[in-house]
Amino acid sequence: MLQRRKSLVADALRSALSGAFGVDHEPTVEVPPQRRLGDLASPCALHLARELRQAPRRIAERLVEALDLPPGFDRVTVEGPGYVNFHLDRTGFAAAMLDAVPVAPSAGADQPDKVIVEHTNINPNKAAHIGHLRNAVLGDVLARALRSLGRTTEVQNYIDDTGVQVADVVVGFVDLRGCSVADIEALPEPFDYTCWDVYSEVGRWYGTDSARLELRRRTLHALESGRGRRAEAGRLVARRIVSRHLATMGRIDIDYDLLTRESEILRLDFFVAAFEQLRQSGAVRLEETGKNAGCWVMPLSESQEFQGLEDPDKVIVRSDGTVTYVGKDIAYQLWKFGLLGRDFEYEPFRDGPGPEGTPRAEPGRNGPGPDGPRRAEPAGDGPGREGTSRAEPGGDGAGPDERRGHGPGREEPGGEGPLWETAASSTGSGPKQAPAFGAGARVINVIDARQAYLQKIVRAGLEALGHTREAGESIHFAYEMVALSARTAEQLGFSGDAVLEMSGRKGIGVKADDLLDQLEAKSRAEIAARRGDGDTEGKADRDTELLARQIATAALRFFMARATTTRVIAFDIDEATAFEGETGPYLQYSIVRARNIRRRLAEEGLPHEVGGARAAQLPIEAWPDDLWDLVLLASGCQETVERAATTLELSLIARHAVNLAQKFHAIYHRHPILHEKNADLRNARLAATQIFVRSLEALAEILGVPLPERM
RNA sequence: GCGCCUGUAGCUCAGCAGGAUAGAGCGGCGGAUUCCUAAUCCGCAGGUCAGAGGUUCGAGUCCUCUCAGGCGCGCCA
């Protein structure tokens, strides 16, 4: 809505500038700070003051005389030092807003080109922690934003099931605890919590003992070959953990289209194909002397991106013939663009072995003790990409799917499809009608900022193969890590004078499920405090439970989404579990209030819906500045979402949503609707409320903030 | 050493491609509840935008340097 008006203003200014001054200037159009100043403004007169050797205000005044007021505007004024300010026809604009879709597919987005978003990527060897939540929320919000803008979007979650981290947990079970595969299988939930402890234990157990470290190496090789009891144990661990990760992420409405497994990349020799391309194109060469003797390396010295590196070459194949992480990643990235010349096999995701759909067993039982893994463990801990999961597709039979049927406008953005995974064996499992995965036109990898270097190398690899376009479309969505605030670290029993980095290896961190449990418990208490009266058990409990989850989801998702991606989050438990102020529950509360007004109007027998035709007849007096300001802000949703999706600064969406809610809350207190006798005033306020509700619903959908009917 | 990021109110952070009086939340203080649920709203206090130069009609925003903090630069992932 607003974008169109902006371009009308720009057009009018451009032609007036050319007519009156003979200059060719692209005017900028912005929203002035106060509504009484107007709705759109251009500082172009200020910009041109120097060039035209005239006072800005004078330029502005002449400009206004020469200007044809574009349709939809009432008047144009000169303000301040020389701004040209345009005042919208409030009545007409509001009437149009009533019929407008807040966030619609972008103009030129009929392009069927697929965007692949990879996120979560948690190592399947322990419980997810809050750092992983940041990754998953950002990835999920991005995917929702892209889909709401009409882009075909495929969400992948990469599972490194053959890496060192899984090997460590296998060693922990097999060698340290003396478990058989059956023993591991028989372990109760929460299995991911158990692994959390095992992983931390085995790290200490290794110490510098070379015999023990040899066990790790042997296990790693077993995982890579896929044969033997250790490999079997590894598959079991990975499968069970992935199920847990999917369940955790499912709690906050995050899901995926495809799980890709590293074991399949190995089994299908993706790297062999990639290596052939790299070798033939001369992108890699066999080093014969020097410290990299016997390795296939990719020279990076050409690229100025890598200037100043001590070692300008990156090893792709080690001297023992094994492939490095980057090597595998280049192969995987080639597949994502459809450049590899081979494909995975797929099957619908089956939840892990063991009791299907078993409800999670009290994840919080570990108490307040130290917990929480973290994302990329730097030293020895494979800061790799870690990943996770998705909401169980077939399991968890308990309870209805809360995500549907609650809250208007909650159609799933991508049309929640089924979850697929890469098939575990070529023997296959019958009828596969998998969608065409991969072969995207753009690939966005949500990976923490510390892996920027690796991501650059992957891009350089594509470049070296001559895939310049694809290299340009390989986008690293980098975000900073989540650390523990000094206060929270102390509460958890860690010493902390400064923010404390989480470490899965050391067992320092906050587990995702523990945080969600806390949020839900606090929500329940909050709800109980408000509904003190007679509501008895039974149904009330079910409602409360659902509401508590919705509030917890909103709080967590908003907390993660509102932070600027380039900043480290110092995770503070009190701040993260706050429900007042700039929070997810604040958004929910504003919607609940707005909806309640309309509900009450209906109960009173008053009209609770204003149509565009009626709104178009309202007098200008019905739109005071503050009420009007809400409508104007709502008209900027589309632009905000587009900018967020382009710049990958998703906090823009969160902030826009909270700004809307703040404006609404203020108006709510100043401009009563139910008790307003004047029909024009009431209708204008009601129209603004309708516009607000629809706009915030659209943004909440993108943010993944569920909107309850009551709070 | 080289590279990237960050430094704005007591705390956590906004500040859109230089532009109108530097904003919000939390915390503090003081108010608002016969009136659409106070998970709300209103008011007050609180800032040499790390520091120094520079560019400009105009700098929190751009450039240079300094200081402080974080991260990265493996035959680890």
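Sequence lines set the chain letters: A, B, ... in the order given, protein chains first and strands last, and positions in each chain run from 1. Scope of the values below: all heavy atoms of this structure, side chains included, with no hydrogens, waters or symmetry mates.
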Has the side chain of [X] got a donor or acceptor that lies under 3.5 Å from a partner of the other kind on the base of [N]?
{"X": "A/S319", "N": "B/rC75", "answer": "yes"}
{"X": "A/R643", "N": "B/rC16", "answer": "yes"}
{"X": "A/N85", "N": "B/rA20", "answer": "yes"}

Seminar exercise, completed: Comparing nearest nucleotides in RNA chain B, the 5'-proximal residue of the pair A/L547, A/R600 is A/R600

For this session: Between A/E30 and A/S651, name the one whose nearest nucleotide on RNA chain B is closer to the 5' end.
Result: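 In this pair, the answer is A/S651.
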
Residues which pass side-chain hydrogen bond (donor to acceptor under 3.5 Å, both in side chains) with [X], listed by chain and number, not counting sequence neighbours:
{"X": "A/T322", "answer": "A/R318, A/D320"}
{"X": "A/Y589", "answer": "none"}
{"X": "A/T488", "answer": "A/S485"}
{"X": "A/R655", "answer": "none"}

Seminar exercise, completed: Hits for ring-ring contact (aromatic ring centres under 6.0 Å, His included) against A/F558, two or more places apart or cross-chain, chain-then-number order -> none

Please classify the nucleic acid contact of [X] as base, sugar-phosphate, or nothing, using heavy-atom distances under 4.0 Å.
{"X": "A/A661", "result": "nothing"}
{"X": "A/Q662", "result": "sugar-phosphate"}
{"X": "A/L454", "result": "base"}

Ignoring the backbone of [X], work out which of [options] is nearest its side chain.
{"X": "A/V315", "options": "B/rC75, B/rA24, B/rU37", "value": "B/rC75"}
{"X": "A/E501", "options": "B/rC71, B/rC75, B/rU37", "value": "B/rC71"}
{"X": "A/L674", "options": "B/rC41, B/rU37, B/rC36", "value": "B/rC36"}
{"X": "A/A666", "options": "B/rU37, B/rA20, B/rC42", "value": "B/rC42"}
{"X": "A/I673", "options": "B/rU37, B/rC41, B/rC36", "value": "B/rC36"}
{"X": "A/E79", "options": "B/rC75, B/rA20, B/rC36", "value": "B/rA20"}

Exercise. How would you list all residue pairs meeting salt bridge (Lys or Arg N to Asp or Glu O under 4.0 Å) that involve residues 570-582 of chain A, not counting sequence neighbours?
Worked result: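 Sorted result for residues 570-582 of chain A: A/R487-A/D572, A/R487-A/D574, A/R562-A/E575.
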
Exercise. Applying salt bridge (Lys or Arg N to Asp or Glu O under 4.0 Å), which residue pairs with at least one partner in residues 35-44 of chain A are found, sequence neighbours left out?
Worked result: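 Residue pairs passing salt bridge (Lys or Arg N to Asp or Glu O under 4.0 Å), neighbours aside: A/R35-A/D629.
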
Review item, nucleotides 27-35 of chain B N/O atoms under 3.5 Å of protein N/O:
from	atom 1	to	atom 2	distance (Å)
B/rC35	O2'	A/H675	NE2	2.8

Identify all pairs in which a protein N or O lies below 3.5 Å from an N or O of nucleotides 55-61 of chain B, and state each distance.
from	atom 1	to	atom 2	distance (Å)
B/rC57	OP1	A/R50	NH1	2.8

For this session: Would you give a per-nucleotide map of nucleotides 4-13 of chain B, 5' to 3', where B means the base has a protein non-hydrogen atom under 4.0 Å away, S means only the sugar-phosphate does, and - means neither?
Result: -SSS----SS

For this session: Measure the shortest side-chain to side-chain distance between A/R598 and A/L686 over non-hydrogen atoms and say whether it is less than 4.5 angstrom.
Result: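 Yes. Closest side-chain heavy atoms under 4.5 Å.
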
Problem set entry | Distance-only donor-acceptor check, side chains A/Q451 and A/N445, under 3.5 Å |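 Per modelled atom types, A/Q451 and A/N445 side chains form no pair under 3.5 Å.
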
For this session: Flag the pair A/E604 and A/R682 as a salt bridge only when some basic side-chain nitrogen lies within less than 4.0 angstrom of an acidic carboxylate oxygen.
Result: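 Judged by the 4.0 Å cut-off on N to carboxylate O distance, A/E604 and A/R682 do not form a salt bridge.
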
Seminar exercise, completed: Per the 3.5 Å Watson-Crick/G-U criterion and a run length of at least three, the stems involving RNA chain B are B:1-7 with B:67-73, B:10-13 with B:23-26, B:28-32 with B:40-44, B:50-54 with B:62-66

For this session: Kindly state each residue pair satisfying side-chain hydrogen bond (donor to acceptor under 3.5 Å, both in side chains) with at least one member in residues 40-60 of chain A, sequence neighbours excluded.
Result: none

